[in-house]
Structures are given as C-alpha cells and as structure tokens.
Amino acid sequence: MWLLVLASACGRSSDTHDTGAFEDVARTRGIVYTHVSAATPEKALPEIMGGGCGFVDVNGDGRLDVLAVGSAPTVAHPRRHGLWIQGTDGRFSDVSATSLPPFDAYGMGVVAADLDLDGDVDLVMTGVGKTALWRNRGDGVYEDATPGSGLVPCPWGTSGAAGDLDGDGDFDLVIGDYLDWKDTPRFTRRVCVSADGTRDYCSPQSYGAPGMTRVFENLGGLRFVDRTETCGIGTRRGTALGVLLTDADGDGRIDVYVSNDQMPSFLWRNLGEWRFVEEATERGCAVDETGKSQAGMGVDGGDVNGDGRLDIWKVHLHRETHALYLGGDGYFVDATARNGLGVLTRSQTGFGTAIVDVDRDGCLDFVVANGRVALVPELVGGPDVFGEPDQWLRQRDDGRFEEGDAGSDFRLHESGRGLAVGDIDDDGAIDVLVMNRDGPLRLFRNRLPAVAAWVGLRVRERSGADALGARVTLHFDDGRSVGEVRSAKSYLATCDPRVQFTFARTRLPKSVHVRWTDGAETTFPAPVVGRWSDVRRASR
C-alpha cells in the first residue's frame, strides 16, 4: 500500500543526534526471501531491474502484511512471489503457497487497491510481457481474475498506480511500460561493454524502443477498458520506471507523473472527461536545472519544505544527482543544489525511494534504496559488484539535507530495487521494506523515538476502501499541513496508504479537512495526537 508523510515547520533542537535509525528484523520476524534475477552471460536488461515489494493489509485485520515481488522462480518460492501475514505478536507467517496464484512471467512490480470496492485489497502484478489482476476473496487469499478483465499487458510493465482519475468513486489504473521489449536476439542478446571492455548491461536508449504507459478506466466488477489511445497519454512514448498519481496543479483532479529513464519525465495534466495533456517541460519537472534528461527511477511527492504545496522527489543514476522539484501553484523549480542534495546523491544509483519523516522531528526526509545497473570498474568490490549502501537523507531545520545515521544494517552494500514504507507496529515510527536484486528482502524497523508530535490518519471512502487520491489537510491555529492518500510511489512498490503528519509539540491540531476525488469536502474533529485514527466518509 502507500504512505505519504507531510510535516509543518521542523522541530529539531540544535543538540539532537541520530543513533542508527534502522535495524533489519526480517529474519527474526519470520520473513526469509531471496530475490533471484536468473542472470545470464548475455546480460538481458530485465535481469538488472527487479524486483518489487510492498506493505499490504491483505486480510483486513488492520496489521500490515509483507509482499515480495520476485523475478525468476526459486525452490523456496516456485510461484516467484512471496506473502507473509503479520500476527498479533508482530511475527509473520509465510502463506505464499496457499494465498498467491501462479505467475509465469518475469516479475517486476505490484499495485494494491480495492478495485471492486468490496472492502478488501486486490493486487495488480506487473512483469515482462504480463499484467495480472488478482482478486482478494475476502480472507487474504487471491485468485486470478485477469481473464475478462480488459487489462492489456505491457511489453515490460514496471511501476503502476491506482487512483480515481475520473472522479466516479472507483479506482482506475496506470501501468508504466519501460521498453517495447521482445523475446528476440535484438533485445535478449544485444552486446554492450563497460569502460574497461567488460560485457555489461545496455542502456535503455541503445534499444531504440521506448514503451507506452497504459491507462485503464475501471468499469466496476473488476472490468476495465483501455483508455491509453483516446485519453492522450498514448501520444507519447517513454521509458517509464516510476509512476506518481497526484493533484500537481491543485485543481482537484488527479494528474499522472511518469519518471522516465534517460528521457524527460512526463506530467500528464488531467483536464477532465478522460483528457490528458503533457506539460512537464512547461511546469518545470521534466529535466534537471541544466536542461539535461535524467535516468529517472523511483519517485514520490510531498510538501518537503512545508509551504502547503506539492513537491516532487525523483532519484537517478550514478554520476547524476537526484532531483527535488519544489512546487509553486502548479509549477516546479529544481532545488536540488540549493538544498545540498547534489553532493549527497551524485555517487549513488537510486531506485526505490520515499518521502518520510524518519526521526519524527517535523522535517521530511528521504530514504533511498541504492544499487548500480552498470559495472563501474573503480567501484567494483565485495560480493555484489552492483551493490551500494542505502541512504537516509535527513532534512535539517535550515532546509538543507545531510546523511543521516541509518544504522549498519541499512548501509550494507547490496543492489536495492523496490522500497516500501509503512508502520508495521503502529508506533508512529515509519519502517522500510527493501527488495535487493539477487539479495535478501529486508524489513528495517525504525527504532528512533519521536522528537516532535505526530498524528496518523487512515482515510476511507464509504465502502471502506482507502480513499486513494483524496487531499487531506490538518489545520492548526497558526497554519496547516497537507497530504494525499495514495497506494503507490517509489519503484515497483506499494505502501501503507495512511497519512502521517509531524509537527512541533507546541502546536495543537484543530481539525481535519478532506477533499474527496469527486470534489466533495468533509471536515472532521481534530485527531488524537500520538496515534493512528480512522476517518471515514459518511454514508449518503
């Protein structure tokens, strides 16, 4: 599922220090899984790009469960993917064999949403040449509902997202497509080499075959119709790796931001009535501040600087810098360098990422799963030649960023890909799930105490479904904080959909205002500080 953390002014005192934010508790909690890429000497590009992961409450008991999106099958997980249900003691039980249907494609990512509005979370699985729709029977067991669904598989499906694009109360789908990949020697045996002449993985641009992000309207009953060609999004091809659904211009409609690899990113502005127009260049979030395209991977959105406007955070390739686009009334400015993020990110290749207040000090931070996709001779070393440490980029109270002390587990040199965030133990400290390519699935428990105050909200529609796309505003006497409900961000991942706000302890929340995706608005009483609360749309 999906989580977005929005904060007001930072509350950290000058003498605050970090002491190892994360510890890996996957194995001790019962989660054992190793991703397998099935890499070959031909170095086909899909082998370096997976896999995904997610936090999903699959059985509706209020506790987050864990999903692993594998690429190739393993002896332990012949169905490729893994699912672990969280018990009342915080431990997880492996139910993969009994709860997940077979998946016979090279797996990539996952989308989680209540697509049939029956009160439980369904799954859309992406992969090379396949898109699968899995219906939740109501007990956390999934069955394949792809036949007759109307979903058209992408040649190489990557990240996806669910949201109410037309304001009719159900959740539509956007599925990113990386390349128009084909099982032919041109794609599977293409030869590229590294700087020292060693055979290496090719750049996506070397194939000359960008994909086409697909858009599906939900007709109800787990039936969809492909709107890609008629809505406008089919007019532009791109190398989509990250997908973000957000109201980028504040007009009440959900827009589509697509993070493209080595191409300008797209911002498809929603004009209503299934019409979209691409405006990333005009709105300042297509390329970096020098006008250069980036190798866009994971993406997230949030009010990073606390000014009440949406900002976009996107991660990139080694020798580039990750990008922070600060929003201003629907337009964006690249603020990467001025906030100290260039020097912190130039040496890393980021994939999964999220905006989250790791230490709950009132300042939003970034977490990034890192791992290279190409051999860099001077950096190769250790058991994983593509491995890099993950990062916690902590925001200081002056708005600049620094390397946070994430802990030794978080700094292992592995090939991070999918990254999901969520609060597995409901203590308000946001935990992180990372899938490593040809490495273990790691569950990082956040062990830092809160510095500032916080409130958490699960925002639901009448049906009980998480209100994906709703805009949530927490009001104070002296201002407000703004968030959005989403089930997708990062890269190949799905996250906790609950919205958390952090703020100085001297401030007291006064009310919560929700703008639903159909334009209706509701005001709720102030939530209780220091715990998660439910707010639900009233019945008609």
Side-chain angles (χ1 to χ4, degrees), residues 1-13 16 21 55 57 62-64 300-311 354-365 367 395 397 421-432 445-461 464 466-487 489 495-516 521-538:
M1 302 174 85
W2 211 90
L3 175 137
L4 175 66
V5 178
L6 275 295
S8 57
C10 303
R12 183 190 298 112
S13 62
T16 298
F55 287 122
D57 179 9
R63 292 184 291 271
L64 292 177
D300 194 8
D303 184 9
V304 176
N305 60 352
D307 66 353
R309 298 182 176 94
L310 171 80
D311 310 309
I355 301 171
V356 57
D357 187 354
V358 171
D359 50 1
R360 289 175 295 169
D361 66 345
C363 295
L364 286 175
D365 313 312
V367 288
Q395 186 177 178
D397 54 9
V421 291
D423 187 0
I424 60 169
D425 44 16
D426 289 337
D427 63 353
I430 305 305
D431 310 298
V432 179
R445 179 180 175 272
N446 185 340
R447 57 191 177 189
L448 293 181
V451 176
W454 67 277
V455 299
L457 298 170
R458 185 171 187 184
V459 183
R460 305 196 201 205
E461 283 283 357
D466 294 292
L468 305 179
R471 178 68 63 96
V472 185
T473 304
L474 182 65
H475 288 276
F476 305 87
D477 277 342
D478 59 348
R480 62 179 184 170
S481 292
V482 181
E484 290 179 325
V485 182
R486 303 193 195 105
S487 65
K489 61 179 176 182
C495 304
D496 188 343
R498 296 176 295 181
V499 182
Q500 188 190 54
F501 299 90
T502 61
F503 47 90
R505 294 185 184 275
T506 55
R507 307 178 78 198
L508 291 177
K510 295 297 181 182
S511 63
V512 172
H513 183 83
V514 178
R515 187 189 69 198
W516 310 94
E521 301 186 23
T522 307
T523 299
F524 297 92
V528 177
V529 175
R531 79 176 196 191
W532 295 101
S533 302
D534 274 25
V535 295
R536 187 163 177 166
R537 192 172 189 178

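Salt-bridge check for D427 with R360: failed, with every basic side-chain N at 4.0 Å or more from each acidic carboxylate O.
Residues G302 and I355 approach most closely at N-CD1, 3.5 Å, considering heavy atoms. For the residue pair L457 and F501, the shortest heavy atom distance occurs at CD1-CE1, 4.0 Å. When all heavy atoms of V421 and A354 are compared, the pair lying nearest together is CG1-CB, 3.8 Å. Smallest separation of non-hydrogen atoms from W516 and R536: CH2-C, 4.4 Å. When all heavy atoms of P509 and A526 are compared, the closest pair comes out as O-CB, 3.3 Å. Across all their heavy atoms, V358 and A21 have their closest contact at CG1-CB, 4.0 Å.
The side-chain heavy atoms of F503 and V529, taken from C-beta on, include a pair separated by under 4.5 Å. Inter-residue side-chain proximity for S533 and V455 is flagged as unmet; no heavy-atom pair is nearer than 4.5 Å. Two residues are said to be in side-chain contact when any heavy atoms from C-beta on lie closer than 4.5 Å; L364 and V356 fail this criterion.
Taken from CG in N446 to CD1 in I430, the straight-line distance is 7.5 Å, to the nearest 0.5 Å. In this structure, the separation between CG on N305 and CG on D311 is 4.5 Å, given to the nearest 0.5 Å. Remark: L474 CG to R480 CZ distance equals 11.5 Å, nearest 0.5 Å. Going from atom CD of Q395 over to atom CG of D397 covers 9.0 Å, rounded to the nearest 0.5 Å. Here R471 contributes atom CZ and L310 contributes atom CG; the two are 6.5 Å apart, rounded to the nearest 0.5 Å.
R63 is linked by a salt bridge (Lys or Arg N to Asp or Glu O under 4.0 Å) to D61, counting only residues two or more places apart in sequence or in another chain. Qualifying side-chain contact (heavy atoms from CB on, under 4.5 Å) partners for T523, counting only residues two or more places apart in sequence or in other chains: S511, H513. Applying the side-chain contact (heavy atoms from CB on, under 4.5 Å) rule to D534 yields the partners R458, R460; only residues at least two apart in sequence or on another chain are considered. Taking R537 as the reference, E461, D518 meet the salt bridge (Lys or Arg N to Asp or Glu O under 4.0 Å) condition, with sequence neighbours excluded. For R505, the side-chain contact (heavy atoms from CB on, under 4.5 Å) partners two or more places apart in sequence, or in a different chain, are A450, A453. D478 pairs by the side chain to side chain donor-acceptor pair (under 3.5 Å) definition with R507, not counting sequence neighbours.
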| Residue pair D57, R498: steps toward the salt bridge (charged side-chain N to carboxylate O under 4.0 Å, His left out) verdict | CA-CA 12 Å; D57 179 9; R498 296 176 295 181; over 6 Å; no

Quick one: do R445 and D425 satisfy side chain to side chain contact (heavy atoms under 4.5 Å, CB included)? Show the steps, please. CA-CA 9 Å; R445 179 180 175 272; D425 44 16; 3.3 Å; yes

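The residue from V512, V482, V514 that alone fulfils the side-chain contact (heavy atoms from CB on, under 4.5 Å) condition with T473 is V482.
Side-chain atoms of D357 never come within 3.5 Å of backbone atoms of T502 as a donor-acceptor pair (strictly under, hydrogens ignored). Under a 3.5 Å cut-off, the side chain of D361 and the backbone N or O of V451 do not form any donor-acceptor pair.
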